[in-house]
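Convention: sequence-line order gives letters A, B, ...; per-chain numbering from 1.
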There are 2 protein chains.
Amino acid sequence: MYRTHTCGELTLKNVQNEVTLAGWVQTVRKFGAITFVDLRDRYGITQLLFNESLNPVLDANPLGREFVLQAKGKVQERSNKNPQLATGEIEVIVTDFTVLNKAVTPPFTIQDDTDGGDDLRMKYRFLDLRRNAVKRNLELRYAVNRSARNYLHENSFMDIETPFLIKSTPEGARDFVVPSRMNPGQFYALPQSPQTFKQLLMVSGYDRYYQVVKCFRDEDLRADRQPEFTQIDCEMSFVQQEDILNMFEGLIKRIFKDVKGIDYPEKVDRMTWEDAMWQYGNDKPDIRFGMQLCNIKKPASVFVEKSDKPELVSGVGFQVFDDAETVLAIAVPGCSEYTRKQTDELTDWVKRPQIGMKGLVFIKCNTDGTYKSSVDKFYPAERLKAIADAAGAKAGDLVLILAGAEERTRKATSELRLEMGKRLGLRKENEFKLLWVLDFPLFEYAEEENRWVARHHPFTSPKPDHIPVMINNSPVIDNAAEYLQHPYANIKANAYDMVLNGNEIGGGSIRIFQRDLQEKMFAALGMTPEESQHKFGFLLGAFEYGAPPHGGIAFGFDRLCSILGGSESIRDFIAFPKNNSGRDVMLDAPSSIDDKQFQELQIKLDLKQ
Amino acid sequence: MYRTHTCGELTLKNVQNEVTLAGWVQTVRKFGAITFVDLRDRYGITQLLFNESLNPVLDANPLGREFVLQAKGKVQERSNKNPQLATGEIEVIVTDFTVLNKAVTPPFTIQDDTDGGDDLRMKYRFLDLRRNAVKRNLELRYAVNRSARNYLHENSFMDIETPFLIKSTPEGARDFVVPSRMNPGQFYALPQSPQTFKQLLMVSGYDRYYQVVKCFRDEDLRADRQPEFTQIDCEMSFVQQEDILNMFEGLIKRIFKDVKGIDYPEKVDRMTWEDAMWQYGNDKPDIRFGMQLCNIKKPASVFVEKSDKPELVSGVGFQVFDDAETVLAIAVPGCSEYTRKQTDELTDWVKRPQIGMKGLVFIKCNTDGTYKSSVDKFYPAERLKAIADAAGAKAGDLVLILAGAEERTRKATSELRLEMGKRLGLRKENEFKLLWVLDFPLFEYAEEENRWVARHHPFTSPKPDHIPVMINNSPVIDNAAEYLQHPYANIKANAYDMVLNGNEIGGGSIRIFQRDLQEKMFAALGMTPEESQHKFGFLLGAFEYGAPPHGGIAFGFDRLCSILGGSESIRDFIAFPKNNSGRDVMLDAPSSIDDKQFQELQIKLDLKQ
């Protein structure tokens, strides 16, 4: 061993000990004839003191930043203590040292506030990984991994590895494929998830399965998506939805406790998908703060059972609201004194292409009880007050109103709510609020193909009382314009998403375990019997040999870590991430391959011009 | 939850409890009006008793093998106890039951001694996985996984995930490649191991890394190889060989203890590669038994420092031994009374193509002190005695002698030794003997290309005192015939293999961490500077920024599990293995892909006729 101790462990208890340390030179400081070196390793930083007597050796072997150094010496109490550092009460008086390896000057500083840009740090990721900020992220990731495994183990789950070279069954996202040399003309696919395998394991009787496993999706990468990502993947047999919710909120609470020291004794809130869309405008609401949507006008064909308040805005000739399919308001607390400049800026914000609204209406609920609005000339004060009251605004609040087509307006209002929450500091980084979102629609409508697509995936079961609706109706959509009237449009899935601070961190469902229902599902998605047999024959077959009721969940491990680490970017929590073009700029991958490889695989390029 | 208890937990303590169980029908037995059902789940089997009163319901819902059943009832003490079963003292008197799913008759019986052949069981792997024999294997695999993780965690190792979509750098085995849709004409490779990434992590300062990780090699599959396999992959910084050996024999001992309850207090034996080849004829000797090779004649150019005993066989005109490059003997204990039929059978055995020898010479060391040999007419009794003595034979033993070309003869003698050990019951299944094999040659000679290839991999360091030999000599082989005289032929690697009962279960090395030495290595392997820069520029670059001394090891997880489980086949320890053509016969993968996929990937087939 090149060391007796790490750079993070020496304290006053070690004074007078002879020690050997090894690590990287963080800084070299000269004070007259004396040289101080901060030596860094994974565990911390220890100050080395080189006395004058070593100067000839130091002169012959000058130390530089990031040199790898082995130093022997004696621990002594520091006169000038550093309370910030675990080792700040001592230093090591060096008697002997060896430069184990030199280093050229790094392209950026190895510090929390590095001077390196994103591209440079990715290219030299092995140096970026030295920075404390990145190291803490990977340590957190490992702690989450360890905590999850322990919890699942204690609850009788078994880690069972599923294969990576599987069959391509594109349904939803695109598969990465792997040409098979031994089976020319044929391809493996990399798994988008171990979904069918974990279901087969349930059929096999392994009633509690888990895996922390890489998954692959060949999708155009939006910011913060990776072509390979990691899931905490779980499945259980002989369970209903309630059992799954209890088991896995337990998992996340355990991770909170182990990793962040947070107790979360209360039961996790639950909300239906419809309520989430109605009250928050999206299916993963951040419930750390209120500011719920006031549905003044709703479209005719969705949210049929919810009641809106169109009388608040109609009948005064304000064309924008009269023509809008949807009018939504939020009450922003304490912002009634926004200046013209501020409200203009908000208007610009909602007009940005990412939000895409045509304008913004506001009502200032002044602290003196008066109301001031951008639509004063249409609405008298009592109307403004009625709208503000409906939105839950109090004196001093600012009501913001958006109007337009349902989907865009709801999404925009949700974004505006999140933006205002952020600006007002309501989305506290150290507050963690969990939420189960339930009762998603089982199907979405694919307009181009006039057919249903599975919102979650084709293995999700309808809610128990919706199974007959699915079995007893044809999935065919005769009248595309009225697809919302089709019985399938109202089938709810026995599915659940776990939401943390406005992020979906996990999702799952109770699965179909009956062959006939699974066949009906494949048919609903437009597959012929031959197609479903070709793609999923093994699963349909398995369901004939005694498949138990089962369900599961998968957590996005990268995302979960990034939220717990207080970051917006999952890349910060992946040791070797890819960029938005799916490239590893450090490796320079992907890259060309040899002619010999093409010949052996019996494929060739077919590049478009 | 569909159950209150599992099928493995009810005992006399539960008598009179109302319980609900769920599981699979193992057997249905009728005794007069009463029906007994053995209900099976992952945890065990519980006997259900259906009284006469349930017969109308049973008649309406007849139960069959592998039906999924939920049954409610009361626990009672059994009159006819089954001591073989954890639940054998009780049974459940069923009051109510539900068939959760039916099952068609399985294609083979779900029992330890199934009637299903290999192909059938692979096709219906989800049923094969229900068998206790297979379940025990996967449980053992999980126990090994868990034990390894715990040990490594307690020793400050960190699980850090490395990428799966990397760069193709074929060197040694063939890469699986993955066409990149977003980067047309370019390919990712799947990792053969995380080797370079774990080294980069050492450069980054994560001084103790581990991962239980899938690796991929596109090789022609010999029996019991899989295109995807799992490694326990580890790396450490600031260590010498001794540190690695201590740390990782600790790991295996911990696994022995946790998984098999075996204490292994003694230090693991160590043997140089040369001694292993000399004494056992191969580099992974099974040291559970002796029967070491007696080197009567050795070739001129290898084992230069070992002394042989050619005088024992020379000078009597026995042409076979006189002409042979190598003559090797083993003393098989207690077999002096083998019949002619038995020695003939052994002769046939060594003549099989897999062994490839021309014949077998034997000496029977009779218990009366006389000697009887197949070469009596050449060798007088005193010569036979001298040979037998040299081989370590005692009265009652049988000496077996093989002669021929060095490599084949040594391998054949090793195989013969293992075969005799097996026949004599010396390779005890419940005995576990570990061995470190050290000091492998760094290079092997590739005749076709007249160049060196790395025996382990190109990142393995020479032993410390052999580094100058490598640095100070040109790797070029001027005279192919005399490659053994080249200084590189005698360079020993700072590498180590862990051997368990004659199987290599792990291997690793101290790595090169100096850029100049790594460049010299690449050059020795015949790479131009451009090539090594193209393939491994990121690693050479990393070595410039302060790379610490480091080394590591990787254990073959599948193999380790199979040995601990007492099986010869790793497939038995993989949930969803592939066959020898790399096919998953259950999924029917690999398979064809759609035209759309070809178009998007911008590749096409180029099948040879």
Side-chain angles (χ1 to χ4, degrees), chain A residues 1-3 22 24 42 66 68 101 103-104 126 129-130 142 145 158-160 163-168 176-178 180-188 200 203-205 207 214 218 228 238 243 538 542 544-548 575-576 581-582 586-587 589-591 593 602-607, chain B residues 1-3 22 24 42 66 68 101 103-104 106 126 129-130 142 158-160 163-168 176-178 180-188 200 203-205 207 214 218 228 238 243 538 542 544-548 575-576 581-582 586-587 589-591 593 602-607:
Chain A
M1 203 74 88
Y2 284 80
R3 62 189 177 198
W24 285 263
R42 177 181 146 199
E66 301 305 318
V68 186
N101 218 340
V104 297
F126 53 87
L129 287 169
R130 284 187 189 165
Y142 177 46
N145 184 335
M158 245 177 101
D159 181 344
I160 303 177
F164 278 70
L165 297 173
I166 66 167
K167 182 168 171 163
S168 185
F176 281 105
V177 298
V178 182
S180 167
R181 182 183 55 86
M182 293 180 73
N183 302 274
Q186 301 193 326
F187 292 74
Y188 301 101
L200 289 177
V203 175
S204 301
D207 57 6
K214 273 283 172 75
D218 184 13
E228 52 176 309
F238 301 118
D243 307 308
F538 61 95
E544 293 205 316
Y545 289 96
F576 299 100
S581 315
M586 179 187 71
L587 296 183
S591 63
I593 57 172
Q602 304 187 39
I603 58 169
K604 59 184 176 186
L605 294 182
D606 183 27
L607 296 176
Chain B
M1 203 74 87
Y2 284 79
R3 63 187 176 198
W24 286 262
R42 178 182 147 199
E66 303 304 318
V68 185
N101 218 340
V104 297
F126 52 86
L129 287 169
R130 283 187 190 166
Y142 178 45
M158 246 177 102
D159 182 344
I160 303 177
F164 278 70
L165 296 172
I166 65 167
K167 181 168 170 164
S168 185
F176 280 106
V177 298
V178 182
S180 168
R181 182 183 54 86
M182 293 180 73
N183 302 274
Q186 300 193 327
F187 293 74
Y188 301 101
L200 288 176
V203 175
S204 301
D207 57 6
K214 273 282 172 76
D218 184 12
E228 52 175 310
F238 300 119
D243 306 310
F538 61 95
E544 293 205 315
Y545 289 97
F576 299 101
S581 315
M586 180 188 70
L587 295 182
S591 63
I593 57 172
Q602 304 187 40
I603 58 170
K604 59 183 175 185
L605 294 182
D606 184 25
L607 297 177

If I measure from the heavy atoms of chain A, does B:Ser180 come under 4.5 Å with its side chain, its backbone, both, or neither? side chain
Sort A:Ile160 into side chain, backbone, both or neither according to what part of it lies under 4.5 angstrom from a heavy atom of chain B. side chain
What do the steps show when you test A:Asp243 against B:Tyr2 for side-chain contact (heavy atoms from CB on, under 4.5 Å), and what is the final call? CA-CA 10 Å; A:Asp243 307 308; B:Tyr2 284 79; 5.7 Å; no
So CG of A:Asn101 and CH2 of A:Trp24: to nearest 0.5 Å the spacing works out to 10.0 Å
Over all heavy atoms of both residues, which pair between A:Ala547 and A:Val203 is shortest? Give the atoms and the distance, please. CB-CG2, 3.8 Å
Nearest heavy-atom approach of A:Pro184 to A:Gln602 is CG-NE2, 3.6 Å
Given the options B:Asp159, B:Leu200, B:Ile166, which has more heavy-atom pairs under 4.5 Å with chain A than any of the others? B:Asp159
How long is the straight-line distance from NZ of A:Lys167 back to CD of A:Gln186, given to the nearest 0.5 Å? 9.5 Å
Do you know which of A:Gly546, A:Ala103, A:Gly205, A:Ser581 has the most heavy-atom pairs with chain B at a distance under 4.5 angstrom? A:Gly546
Heavy atoms of A:Asn183 and B:Pro590 approach each other most closely as ND2-CG, 3.6 Å
Using the six-membered ring wherever Trp is involved, compare the ring planes of B:Tyr545 and A:Phe126 and label them parallel, tilted or perpendicular (cut-offs 30° and 60°). tilted
Contact leader toward chain B among A:Ala589, A:Ala542, A:Gly582, where contacts are heavy-atom pairs under 4.5 Å: A:Ala542
With chain A, the option among B:Met158, B:Glu66, B:Met586 that has the most non-hydrogen atom pairs under 4.5 Å is B:Met158
For B:Lys604, which atoms come within 4.5 Å of any heavy atom of chain A: side chain, backbone, both, or neither? both
How far apart are the closest heavy atoms of B:Gly185 and A:Leu605, and which atoms are they? CA-CD2, 3.7 Å
Name the member of B:Arg181, B:Lys214, B:Arg3 that forms the most heavy-atom pairs with chain A at distances under 4.5 Å. B:Arg181
B:Asp606 versus chain A, the contacting section by heavy-atom distance below 4.5 Å: both
Under a 4.5 Å cutoff for heavy-atom pairs, which residue among B:Phe176, B:Tyr188, B:Phe538 has the most contacts with chain A? B:Tyr188
Quick check on A:Asn145 against chain B: is it the side chain, the backbone, both or neither that has a heavy atom closer than 4.5 Å? side chain
Who wins among B:Ala575, B:Pro163, B:Ser168 for the most heavy-atom pairs under 4.5 Å with chain A? B:Pro163
